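Before we start, here is the structure in question, set down as structure tokens.
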Amino acid sequence: MAVRIEVSEEVDRPVGVVFNFFADDHVQNHPRWDPDIELWRTSDEPIGLGTIIHRRNSRSGTVVEGTMEVVEYEPNRAFGTVTREGGMEIPGRATFEEISEGRTRLTISAEMPIDESMQDRMSGLVQQSLRTIKELIEAET
């Protein structure tokens with residue numbers, strides 16, 4: 001069974017800045033908002049459609065390795081991945097919407113292969129990550 005999780009946050013920065021931080025610099029920045037995740041790539045090419053990102057997840061106490069494949073890359077609009085780890089496949093997507101000049105709505109959604117009883121906990125974890133993303137972008141850019 002999969003549960004859809006979707007959270008949004010308004011970031012006080014232009015869409016291009018938010019997209020660059022979240023999508024283009026994903027490998028460097030993701031571990032900063034989710035320290036249980038380690039990411040790396042075997043290529044120096046810019047991130048785009050088809051990019052494979054290797055990952056190591058230590059959240060559960062057991063280290064699980066997997067990959068993230070970029071399946072949607074629309075600059076300043078959308079960034080979608082499919083994460084494959086531990087026999088699971090998790091589609092995720094981030095959208096970037098200008099809500100006023102210099103202000104962006106960042107929305108993160110994912111189809112999590114979890115029981116409904118875990119939905120609130122996972123939604124809270126994703127929301128906390130999104131708050132951290134907002135704080136990092138606003139403090140550094």
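Here the structure is a predicted model, which is why all the values come from computation and not from measurement.
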- prompt: Of all heavy-atom pairs between Pro113 and Ile90, which one has the smallest distance, and what is that distance?
  reply: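 Pro113 and Ile90 have their closest heavy atoms at CD-CG1, 3.6 Å.
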query: Transitively linked via ILVMFWY side-chain contacts under 4.5 Å: Leu125 with Trp33?
result: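 The answer is yes; both residues are in one hydrophobic cluster.
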field: Heavy-atom closest contact (Ala2 atom, Glu111 atom, distance)
entry: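 Smallest interatomic distance, heavy atoms only, reads CB-OE1, 4.2 Å.
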message: I want to check something: taking the side chain as every heavy atom from C-beta on, are Arg41 and Thr51 in contact at a cut-off of under 4.5 Å?
response: yes
message: Give me the atom names and distance for the closest heavy-atom approach of Pro31 to Ile37.
response: CB-O, 3.3 Å
Ring centres under 6.0 angstrom apart (His26, Trp40):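 No: the rings miss the under 6.0 Å criterion.
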Criterion salt bridge (Lys or Arg N to Asp or Glu O under 4.0 Å) on Arg84 and Glu69, from CA distance to verdict: CA-CA 8 Å; Arg84 295 175 181 95; Glu69 178 182 358; 3.1 Å; yes
message: Any non-hydrogen side-chain atom of Ile53 less than 4.5 Å from a side-chain atom of Ile47?
response: yes
- prompt: Do NZ/NE/NH1/NH2 and the carboxylate oxygens of Arg131 and Glu135 come within less than 4.0 Å?
  reply: no
- prompt: Is any side-chain heavy atom of Glu38 less than 4.5 Å from a side-chain heavy atom of His54?
  reply: no
query: Can you find a heavy atom in the side chain of Val17 that is under 4.5 Å from one in the side chain of Ile137?
result: yes
task: State, yes or no, whether a side-chain contact exists between Thr81 and Glu72 at a heavy-atom distance under 4.5 Å.
output: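 When only atoms from C-beta onward are counted, Glu72 and Thr81 do not touch, as no gap falls below 4.5 Å.
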- line: Exactly one candidate in Thr107, Val11, Ile108 meets side chain to side chain contact (heavy atoms under 4.5 Å, CB included) with Leu130; the answer is Ile108
message: Could you check whether any side-chain N or O of Arg13 sits under 3.5 Å from a backbone N or O of Glu138, counting only pairs where one atom can act as donor and the other as acceptor?
response: yes
- request: Tell me, yes or no, whether the heavy-atom count around Gln28 atom CD, taken from other residues, nucleotides or ligands under 6.0 Å, exceeds 12.
  value: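 Count over threshold, so yes.
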Phe21 side chain near Ile133 side chain, heavy-atom distance below 4.5 Å: yes
message: Between Glu98 and Arg103 (salt bridge meaning N to carboxylate O under 4.0 Å), is one present in this structure?
response: no
query: Do Asp25 and Phe19 come close enough that some side-chain heavy atom pair is under 4.5 Å?
result: no
query: Would one find more than 12 heavy atoms of other residues, nucleotides or ligands at under 6.0 Å from atom CZ of Arg77?
result: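 Not more than 12 within 6.0 Å, no.
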- prompt: Is there side-chain contact between Thr104 and Glu97, with at least one heavy-atom pair below 4.5 Å?
  reply: no
Carboxylate-amine/guanidinium contact Arg4 Glu6, below 4.0 Å: yes
task: For residues Gly16 and Asn76, report the shortest heavy-atom separation together with the two atoms involved.
output: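 Result for this residue pair: CA-OD1, 3.3 Å.
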query: Is the backbone of Glu10 close enough, under 3.5 Å, to the side chain of Lys134 for a donor and an acceptor to pair up by distance?
result: yes
- prompt: Does CG in Asp12 sit with more than 12 non-hydrogen atoms of other residues, nucleotides or ligands closer than 6.0 Å?
  reply: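 More than 12 heavy atoms, drawn from other residues, nucleotides or ligands, come within 6.0 Å of this atom.
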query: Is a salt bridge present between Arg55 and Glu65, judged by a nitrogen-to-oxygen distance below 4.0 Å?
result: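 Answer for the salt bridge query: no.
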- prompt: Short question: side chain of Asp36, backbone of Ser58 - any donor-acceptor pair under 3.5 Å?
  reply: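 Pair absent, no side-chain N/O of Asp36 close to backbone of Ser58.
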No-hydrogen, no-angle side-chain donor-acceptor test under 3.5 Å, Arg93 and Ser109: no
